[in-house]
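Data block below; observations after.
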Amino acid sequence: MATLASEDIDVLEKARRSLAPDYAPSEDEEYMSPAQQDYFRMLLLEWKRSILSAANATLQSLQDGPIREADLNDRASSETDWGIELRTRDRQRKLIAKIDSALRRIDAGEYGFCEVTGDPIGLKRLIARPVATMTVEAQEAHERREKISRDD
């Protein structure tokens, strides 16, 4: 099953903490009530803002100048670190597209429902992965089919 990288989890957790502490989605209320939709909309927007902020910091660091370590080993280490940083930002760029898609689904009233079965995805899954588009069962079936087609 697809998981979030630890850095993405940290950014998502920071986004969660920045939301108003007086509300958290609950199983006791109507599923995808306006309050829940607003919660997830704000969470997604804050998550996106945090990602864009980190991307801007990376861009600023790149613009500050090239790597200038005199020692070849230090330079190679720095270039490796930058490569990892840029791959992380590319993964987050793709995540922003998923966040934008989730925001569109909220606006269309489709957020929180599986795109395959139409069943509710569930609050626990959406809290853990706000960009989820399928129930756990549908996601697992999708991944099994993907693995089988990859093995052929």
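Please read all numbers here as calculations on a predicted model, not as lab measurements.
- Between the side chains of Arg49 and Ser53, no donor-acceptor pair of N or O atoms lies under 3.5 Å.
- Ser101 OG to Leu95 CG: the interatomic distance, rounded to the nearest 0.5 Å, is 11.5 Å.
- Put simply, the side chain of Arg105 reaches to within 4.5 Å of the side chain of Thr133, judged on heavy atoms.
- In summary, Asp90 and Lys94 engage in a salt bridge, as defined by a charged side-chain N under 4.0 Å from a carboxylate O.
- Atoms CZ and CG, on Arg104 and Leu44 in that order, are 11.5 Å from each other to the nearest 0.5 Å.
- In this structure, the side chain of Tyr31 engages the main chain of Gly122 through a donor-acceptor pair within 3.5 Å.
- Here the options are Gln139, Lys147, Arg145, the test is side-chain hydrogen bond (donor to acceptor under 3.5 Å, both in side chains), and the partner is Glu143; only Gln139 passes.
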Original post:
Under the side chain to side chain contact (heavy atoms under 4.5 Å, CB included) criterion, do Ile99 and Leu45 qualify, and how do the steps go?
Top reply: CA-CA 8 Å; Ile99 291 171; Leu45 289 170; over 6 Å; no
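- Between the CZ atom in Arg91 and the CD1 atom in Ile96 there is a gap of 12.0 Å [rounded to 0.5 Å].
- The side-chain heavy atoms of Asp100 and Lys48, taken from C-beta on, include a pair separated by under 4.5 Å.
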**OP:** Under the side chain to side chain contact (heavy atoms under 4.5 Å, CB included) rule, what do Leu123 and Gln36 come out as? Steps first, then yes or no, please.
**Re:** CA-CA 9 Å; Leu123 288 177; Gln36 287 180 358; 3.5 Å; yes
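- Within the model, atoms CD1 of Ile127 and CG of Leu43 stand 9.0 Å from one another, a figure rounded to the nearest 0.5 Å.
- The shortest side-chain heavy-atom distance between Asp119 and Phe113 does not fall under the 4.5 Å cut-off.
- Taking a cutoff of 4.0 Å between a charged side-chain nitrogen and a carboxylate oxygen, Arg41 and Asp38 qualify as a salt bridge.
- Note on Val116 and Val131: separate hydrophobic clusters, where clusters join Ile, Leu, Val, Met, Phe, Trp and Tyr whose side-chain heavy atoms are under 4.5 Å apart, directly or indirectly.
- Side-chain contact between Tyr111 and Pro130 is present, with at least one heavy-atom pair separated by less than 4.5 Å.
- Across Ser33 and Glu29, no two heavy atoms sit closer than the pair OG-OE1, 3.3 Å.
- You'll find the side chain of Phe40 stays beyond 4.5 Å of the side chain of Leu103, heavy atoms only.
- The cluster map of Ile, Leu, Val, Met, Phe, Trp and Tyr, joined by side-chain heavy atoms under 4.5 Å apart, puts Met32 and Met134 in different clusters.
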**OP:** Evaluate the side chain to side chain contact (heavy atoms under 4.5 Å, CB included) criterion for residues Arg129 and Lys124: first the C-alpha distance (whole Å), next the side-chain angles of each, then the deciding distance (0.1 Å), finally the verdict.
**Re:** CA-CA 9 Å; Arg129 182 151 177 86; Lys124 289 180 183 177; over 6 Å; no
